Structures are given as C-alpha cells and as structure tokens.
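Only one structure is covered here, and it is reproduced in the block below.
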Amino acid sequence: MPDLELPTNLVREMAEYDAPDAPRRTWLADLPAVVATVSREWSLDVGRPFQPGGVTSWTAPARTAAGERVVLKVGWRHDEALHEADGLAAWNGDGAVRLLDHRVLDHTTALLLEACEPGTPLSDVRPPEEQDVVIAGLLRRLWIEPPAGTPFRPLTGMCDVWADEFEEKLARTPRLDPGLARAGMELFRELPRTATQSRLLCTDLHPDNVLSAAREPWLVIDPKPYVGDPMYDVLQHMLDHVDRLAADPVGFSNRMAGLLGLEVERLQLWLFARCVEGSIDQPRLGHIAAMLRL
C-alpha cells in the first residue's frame with residue numbers, strides 16, 4: 001500500500017506545524033506499512049479514509065472477511081490519546097463506540113471499531129439546546145467507576161501540565177490581566193484536587209465527537225480518558241459553543257449543571273479556570289473569564 005490517501009486535515013496540520021523531523025512525520029512515514037499489516041491481520045478490505053478527517057489519525061471504513069462493516073483507526077501515539085483503547089474497553093459500548101480489537105505498535109495504536117452508521121455528527125443535525133440534552137445523557141453513562149487495574153492517569157496531572165504550559169506562554173506574551181491569570185491557574189490546579197468524586201472521564205466530549213448510529217441514536221468517539229472530577233467533562237461541550245458562552249456564561253452553566261445534577265457554583269469555577277487557560281490562544285475566552293469573575 002505505497003500510495004495511501006490522507007485526510008485533508010492531517011495534511012494541512014502537518015504542513016503548518018510539523019518540522020521535517022517531528023514525531024508525527026515518523027508516524028506518517030510508517031503509516032502505509034501499518035495499515036497494510038493490520039489489514040492483513042484482521043482480514044480487512046479497507047476503503048478510502050474519512051474526509052476531512054482528524055489531525056492525529058488515519059480512519060477509514062472497512063469490511064471484515066465475514067462482510068461486517070467496521071472502522072479502522074490508525075493513530076499517532078501522542079500523550080492525550082494514550083489510553084483511548086482502554087477507555088473504550090471499559091465503557092464496552094455503553095454510550096461509546098464499541099472496541100472490537102486493537103494493537104499497539106512503535107509509533108501507532110491501531111483500533112478496530114464498530115461502525116457508526118449513518119455516522120452524522122451531532123453538531124450537524126441538532127440545534128444547540130438539543131445537543132446539551134444528548135451530551136448530558138451520554139456523560140451520565142460515561143462517568144463510571146474506573147475498573148480495577150486500568151492505567152488511566154489522574155486529571156490532576158493533565159491540569160498541572162496545562163497550567164505549566166500556560167504560565168510559560170504568559171511569560172513570553174504577558175498580555176493578560178495578572179490577577180485574572182493567577183486566579184485562573186490557582187483554580188485550575190486546585191479544582192481537580194478538591195473533587196468529592198472520581199470517575200472515568202472522556203475529557204474531549206463535544207458535538208463533533210458524537211455520531212449517529214444504528215445500535216443507539218448517538219455514540220461517543222475519540223475519547224481521551226483520564227480519571228477525576230466529572231465536572232471537568234462538561235467544559236469541552238460548552239467551549240464548543242463559544243457564542244452562547246460569550247452571551248451568557250452563567251446561564252449556560254446553570255443549564256448544564258441542571259441537566260447533570262451538578263453544583264453550579266463549582267461548574268462556574270471550572271469554566272472560569274478553563275477559559276483563562278485557553279485565553280492566550282483564544283482571546284475571546286479571556287473576556288468570558290472576566291465576565292465569570294464579576
């Protein structure tokens with residue numbers, strides 16, 4: 001399989017950000033051989049990749065020797081997605097796409113997944129208020145006790161890394177209110193440590209990662225599992241609706257907290273901290289953080 005079609009998002013991302021010796025380019029160079037190897041091992045007839053696709057994986061529809069429709073996902077082994085297969089195995093199809101098999105190779109994790117058909121993203125077919133309800137229903141199912149012996153990392157570690165990266169960026173580009181930045185990062189480190197519950201988290205659940213399916217109306221794909229405060233898991237969906245956040249961050253927080261039975265004041269603290277964390281790259285989030293601080 002010497003000439004492997006690539007998703008356009010992956011091509012664009014690598015052209016913009018990856019140096020010639022970047023790890024993702026090493027993964028890409030090996031990709032045709034990996035796709036060929038796992039296709040033989042799992043007896044797959046693999047189609048063209050989904051377009052425009054993602055920026056860290058190659059994903060395509062396939063058929064097994066028995067004619068079953070499946071999906072082959074060959075991903076670059078980067079830190080955020082380290083335990084995707086473990087998370088899918090733990091959920092076992094309850095609210096998330098079912099993992100059928102997987103292999104871990106040098107730079108790659110290959111996943112054989114249940115096909116979501118028709119596979120339309122939630123963001124394409126439901127208005128925002130209905131998306132809230134679907135997301136809340138899925139989160140309630142995904143927030144399980146982490147199975148014993150599983151390798152999931154604590155949310156505290158991820159938040160500490162992101163806070164360190166924020167402070168390094170801020171030192172180079174000090175354009176934020178110092179008090180706002182300090183308060184946000186103090187909370188971003190503190191909140192995961194003061195949680196009264198610890199659950200298996202998706203951490204990247206937003207309407208583009210929820211697909212229509214035949215087995216259930218909606219299934220989650222592409223999780224980035226951690227273990228910690230379930231309140232954190234609400235944030236990515238809210239950040240995906242930045243216009244709604246900018247118009248009424250308190251009202252949006254109240255709605256999501258009500259749908260999930262969460263403490264609204266704590267959810268607003270998490271939202272404030274997460275908006276500060278993202279504000280260097282997305283200045284609009286800084287304005288939302290300032291509104292929440294009032």
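All values below come from the heavy atoms of this structure, side chains included, with hydrogens, waters and symmetry mates left out. Everything numeric here is computed off the predicted structure, so don't read it as measured data.
Here Arg215 pairs with Glu114 under the salt bridge (charged side-chain N to carboxylate O under 4.0 Å, His left out) rule; sequence neighbours left out. Taking the salt bridge (charged side-chain N to carboxylate O under 4.0 Å, His left out) definition, one finds that Glu5 meets it with Arg48, sequence neighbours left out.
Annotation: ring pair (Phe, Tyr, Trp, His ring centres under 6.0 Å) contacts involving residues 232-268, sequence neighbours excluded, comprise Tyr232-Trp270, His237-His241.
Side-chain contact check for Ser123 and Asp208: at least one donor-acceptor pair (N or O, by modelled atom type) lies under 3.5 Å. Between the side chains of Arg189 and Thr156, no donor N or O sits under 3.5 Å from an acceptor N or O. Looking only at atom types and distance, the side chain of Gln197 has a donor-acceptor partner in the side chain of Arg199 under 3.5 Å away. Side-chain atoms of Thr64 and Trp42 form no donor-acceptor pair, as typed in the model, at a separation below 3.5 Å.
Look at Arg77 and Asp106 and you find no salt bridge, because none of the NZ, NE, NH1 or NH2 atoms lies under 4.0 Å from a carboxylate O. Salt bridge absent: Arg140 and Asp233 never bring a charged side-chain N and a carboxylate O closer than 4.0 Å. Looking at Arg98 and Glu216, no side-chain N of the basic residue comes within less than 4.0 Å of a carboxylate O on the acidic one, giving no salt bridge.
Nearest heavy-atom pair across Leu138 and Gly95 is CD2-O, 3.6 Å.
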For this session: Applying salt bridge (charged side-chain N to carboxylate O under 4.0 Å, His left out), run through Asp79 and Arg153 and close with a yes or a no.
Result: CA-CA 11 Å; Asp79 189 65; Arg153 296 162 293 178; 2.9 Å; yes
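The same ILVMFWY cluster, assembled from side-chain heavy atoms under 4.5 Å apart, contains both Val133 and Val220.
Counting heavy atoms from C-beta outward, Pro223 and Leu88 have side chains that approach closer than 4.5 Å. Contact check for Tyr226 versus Leu200: no side-chain heavy atoms found under the 4.5 Å cut-off.
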